[in-house]
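Sequence positions, counted from 1, serve as the residue numbers for this chain. Every number for a ligand or one of its atoms is a count from 1 in the order of the listing.
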Amino acid sequence: MMEIAPEVRAALAAQEPCVALETTIVTHGLPHPQNLETARACEAAVRREGAVPVTIGVVDGRAVVGLAAGELERLAQGGPAVRKIAARDLGPAVAQGASGGTTVSATARLAARAGLRVFATGGLGGVHRGARETWDVSADLYELARSPVAVFCAGAKAILDLPATAEMLETLGVLVLGWRCDTWPAFYAAESDVPVEHRVETPEECAAVLAAHWEAGGRGAVVLVPPPPGAALPRAEAEAAVQAALEEMAARGVRGKAVTPFLLSAVERRTGGRSLAANRSLVEHNAAVAARVARALAGRR
Ligand code: PSU
Ligand code: MN
């Protein structure tokens, strides 16, 4: 059911550092052609830091761990047939021969099955604002309660309820680490009011904490990486754009898996594309930090 690319298979056998990358950000998160450029830039960043990039997605019913360049291009072309595939959608996608981008939940599931421990993306899914009425909580959180994978991200997307997301991760036993930060980054903005309990300063320290977490029977972890200085948007600007996007969404009655893609594009319009630029550079930065930690983890074996 799952296909591991030869390069990835060899790297895993040799215990070389690998970094998994998701593809919903390609198929549903960023517009074309920035989506493809960003995905390639992430792969390049991982290689520059001395690790093997492992982009994961579903192509014609094949759940591929380590997409070839042409397969990634096909997903990036998009179109209505390209699905957004969360962990629970893997079965239907494979059995029906469909193609799609895998969300954090599906990517974490496949990465863990392949034996990968380090995974980078832009933002994690989480508890949506208004979840008390809608019950909209991303399956990403529940999957991290099960799969022993560390996700490097700039926090949960700014469109979410951050304090509720942090509480939920605590309930689910998902470890949260701050990469050189003491509060949750608010995705486009570098900080928020939500504290992070455990801070790490170096790849070696991060690797040591993750290794101990897994040795103690822990499963998923989230490593919060604030956006690099040049990339972050001012907090007030990001917040105003999100508020307006949420109102537009309510007026249009958008629901279910369309919520996240809708909000991302509405925020992009309202920041004059600046959120898109921030998104691109922070994902690449996350991939680079993840690769450095993957190397430190490999060095411990
Ligand atoms: N972060 C982004 N863009 C995205 C996503 C995250 O900057 O497109 C995607 C991730 O794949 C994440 C998914 O797993 O959104 C969450 O979707 P939902 O809220 O429907 O669970
Ligand atoms: Mn949802």
Worksheet, complete the sentence: If we number the atoms of ligand 1 from 1 as shown, the ones under 4.0 Å from a heavy atom of S138 are 18 (P), 21 (O)

Discussion item. Any salt bridge linking R199 with E201? Criterion: basic side-chain nitrogen under 4.0 Å from a carboxylate oxygen.
Written reply: yes

Worksheet item: Hey, does G123 come in under 3.5 Å of ligand 1, counting only N/O atoms on both sides?
Response: yes

Worksheet item: Any Lys/Arg nitrogen of R300 or E204 sitting under 4.0 Å from an Asp/Glu carboxylate oxygen of the other?
Response: no

Practice prompt. For I25, counting its heavy atoms only, list the atoms of ligand 1 lying under 4.0 Å from any of them.
Written response: 3 (N), 8 (O)

Discussion item. Which of the numbered atoms in ligand 1 are under 4.0 angstrom from any heavy atom belonging to K84?
Written reply: 17 (O), 18 (P), 20 (O)

Worksheet item: What about D140: any of its N or O atoms under 3.5 Å from an N or O on ligand 1?
Response: yes

Worksheet item: Quick one: does ligand 1 sit under 4.0 Å from the side chain of V104, the backbone, both or neither, non-hydrogen atoms only?
Response: both

Worksheet item: Between CG of D161 and CD of E167, what distance do you get to the nearest 0.5 Å?
Response: 10.0 Å

Discussion item. So, regarding E22 and ligand 1 (criterion: nitrogen or oxygen to nitrogen or oxygen, under 3.5 Å), is there a contact or not?
Written reply: yes

Worksheet item: At what distance is the nearest protein heavy atom to atom 4 (C) of ligand 1, and which residue and atom is it?
Response: L264 CD1, 3.6 Å

Response to the item:
Short version for N279: what comes under 4.0 Å of ligand 1, heavy atoms counted, is side chain

Practice prompt. Decide, yes or no, whether a salt bridge links D193 with R235 under the criterion of side-chain N to carboxylate O below 4.0 Å.
Written response: yes

Worksheet entry | For H128, atoms of ligand 1 separated by under 4.0 Å from a heavy atom | 19 (O)

Worksheet entry | Identity and distance of the protein heavy atom lying nearest atom 2 (C) of ligand 1 | K157 CD, 3.8 Å

Worksheet item: Is E37 atom CD crowded by more than 12 heavy atoms from other residues, nucleotides or ligands, each under 6.0 Å away?
Response: yes

Worksheet item: Taking 4.0 angstrom as the limit, do R47 and E43 come out as a salt bridge?
Response: no

Item to complete: Indicate, as side chain, backbone, both or neither, the part of L124 found under 4.0 angstrom from ligand 1 when only non-hydrogen atoms are considered.
Response: neither

Worksheet entry | Carboxylate-amine/guanidinium contact R40 E73, below 4.0 Å | yes

Worksheet entry | Atom CZ of R295: over 12 foreign heavy atoms under 6.0 Å | no

Practice prompt. Considering the heavy atoms of T103, write down every atom of ligand 1 situated less than 4.0 Å from one of them.
Written response: 11 (O), 14 (O)

Worksheet item: At what distance is the nearest protein heavy atom to atom 8 (O) of ligand 1, and which residue and atom is it?
Response: G29 CA, 3.3 Å

Fill in: Part of T260 within contact of ligand 1 (heavy atoms, under 4.0 Å)
side chain

Worksheet item: Should E268 and R274 count as an ion pair when the cut-off is N to O under 4.0 Å?
Response: no

Worksheet item: Below 4.5 Å, heavy atoms only, C-beta onward: do H28 and K257 meet side chain to side chain?
Response: no

Discussion item. As a test of reading the structure, name the N/O/S atom of D136 that is nearest the Mn ion (ligand 2).
Written reply: OD1

